[in-house]
Amino acid sequence: PIASNSIPALNTEISEAPDDCGEFSKTLKSLDSGESSILESSYGFETCEQEALTEQDLKIILYDLYKISGLKTKPGIWQFPEEFDKENRYNVAIDDKKNIFVGTGILKTLSHEELKAVIAHELGHLKHNHIEHDKVTNLFSKLTLAFAASPLFAKLVLKNKIDLKIWLLFLFPRVVYEFWIIETMEREENEADAFSAEITKNPTAMASALRKMDIKILEEIEGMPFKQRLMAKLKQDSQPSTKNRIARLEAMAANLPEQA
């Protein structure tokens, strides 16, 4: 939606054309002055104002997508609780009980079609059992880190009872794990993106949502104190490449059959 005060009250034609900010952009042409006003675009999407979507919108979108997802159980969907929302305004997460949580920043930033694509992406994670797979990998990570931080490990190091072979024995699976988890995360995101594109028939909406979310997250990181900003950047850099994901989604869109 466009802010009402941006629309001329009289003598106005409104033309509609597809774009990345949702279903339509509106070009306003004043019949009196003959001048055209088109909503500015940035990073491939509109910067127009829009009303924030609500938790009720989330539930309606989820229900419609669930019916065509092939999932046996419908997950819940909620806004992040207030105490978690500050650090997750532009994030989406799934908990152990397979509930989907959405940040308030996303509700204020994404169009209906973009939000639909993002929720479909999360359903893709559930469809491919990524949550169950991640539980196993997270358990391995926690066990190795817990051992490395344990008093027993420290005592063995201090008493020189851990030689190079043992260090390598401990470090090798950890290094392999780190490379494997990076590949796994990328594969899971690509599978979820493909699922979103399949059931929404709109990969462009997911690509547009990724652009918006990525820029908003980077804006928030830049406003953080130095130490917090450094940690946030490291975490962001460890995620699968948004640029590569957008390229794949745009390739999917290019290969969609043209509608008559």
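Computed from a prediction, not measured in an experiment: that's the story for all the values here. Note: hydrogens, waters and symmetry copies are ignored here, and every other heavy atom, side chains too, is used.
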Gap separating the [atom1] atom of [X] from the [atom2] atom of [Y], nearest 0.5 angstrom:
{"X": "Leu230", "Y": "Lys235", "atom1": "CG", "atom2": "NZ", "value": "14.0 Å"}
{"X": "Asn190", "Y": "His128", "atom1": "CG", "atom2": "NE2", "value": "10.5 Å"}
{"X": "Leu210", "Y": "His121", "atom1": "CG", "atom2": "NE2", "value": "7.5 Å"}
{"X": "Leu53", "Y": "Lys108", "atom1": "CG", "atom2": "NZ", "value": "12.0 Å"}
{"X": "Asn88", "Y": "Glu83", "atom1": "CG", "atom2": "CD", "value": "11.0 Å"}

Cluster link [X] to [Y], ILVMFWY, side chain under 4.5 Å:
{"X": "Ile94", "Y": "Leu62", "result": "yes"}
{"X": "Tyr63", "Y": "Ile60", "result": "no"}
{"X": "Ile131", "Y": "Ile119", "result": "yes"}
{"X": "Val118", "Y": "Leu107", "result": "yes"}
{"X": "Leu126", "Y": "Phe101", "result": "no"}

Fill in: Arg245 and its salt bridge (charged side-chain N to carboxylate O under 4.0 Å, His left out) partner, picked from Glu188, Glu189, Glu250
Glu189
Worksheet entry | Check against side chain to side chain contact (heavy atoms under 4.5 Å, CB included), Met213 and Leu110 | CA-CA 8 Å; Met213 291 160 64; Leu110 300 189; 4.2 Å; yes
Count the heavy atoms of every other residue, nucleotide or ligand shown that sit under 6.0 Å from [atom1] of [X], and state whether that count exceeds 12.
{"X": "Glu82", "atom1": "CD", "result": "no"}
{"X": "Gln239", "atom1": "CD", "result": "yes"}
{"X": "Lys86", "atom1": "NZ", "result": "no"}

With side chains defined as the heavy atoms from C-beta onward, is the minimum distance between [X] and [Y] less than 4.5 Å?
{"X": "His125", "Y": "Glu122", "value": "yes"}
{"X": "Thr200", "Y": "Glu113", "value": "no"}
{"X": "Val92", "Y": "Ile100", "value": "yes"}
{"X": "Met206", "Y": "Met252", "value": "no"}

Taking all heavy atoms of [X] and all of [Y], pick out the closest pair and write down the distance.
{"X": "Asn244", "Y": "Ser241", "answer": "N-OG, 3.1 Å"}
{"X": "Ala93", "Y": "Phe80", "answer": "CB-CZ, 3.8 Å"}
{"X": "His130", "Y": "Glu191", "answer": "NE2-OE1, 2.7 Å"}
{"X": "Ala232", "Y": "Met224", "answer": "CB-SD, 3.7 Å"}

Discussion item. With a 4.0 Å cut-off on N to O distance, would you call Glu220 and Lys216 a salt bridge?
Written reply: no
Discussion item. What I want to find out is whether Arg248 reaches Glu186 closely enough, with some N-O distance under 4.0 Å, to be called a salt bridge.
Written reply: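 Glu186 and Arg248: salt-bridged.
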Fill in: No-hydrogen, no-angle side-chain donor-acceptor test under 3.5 Å, Asp57 and Thr54
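Yes, Thr54 and Asp57 have a side-chain donor paired with an acceptor closer than 3.5 Å.
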Discussion item. Is there a side chain to side chain contact (heavy atoms under 4.5 Å, CB included) between Arg211 and Ile246? Walk through the geometry before answering.
Written reply: CA-CA 8 Å; Arg211 286 193 188 96; Ile246 289 172; 3.4 Å; yes
Worksheet item: Any donor-acceptor pair under 3.5 Å linking the side chain of Asp85 with the backbone of Thr104?
Response: yes
Worksheet item: Is a side-chain N or O of Ser196 found less than 3.5 angstrom from the main chain of Ala120, in a donor-acceptor match?
Response: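 Judged by distance alone, no pair lies under 3.5 Å.
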Worksheet item: Going through the distances and angles, do Ile106 and Glu114 end up as a side chain to side chain contact (heavy atoms under 4.5 Å, CB included)?
Response: CA-CA 10 Å; Ile106 285 179; Glu114 290 163 345; over 6 Å; no
Side-chain donor-acceptor contacts of residues 64-75 below 3.5 Å, not counting sequence neighbours, with atom names and distances?
| from | atom 1 | to | atom 2 | distance (Å) |
| --- | --- | --- | --- | --- |
| Tyr66 | OH | Lys72 | O | 3.2 |
| Ser69 | OG | Tyr66 | O | 2.9 |
| Ser69 | OG | Leu71 | N | 3.2 |

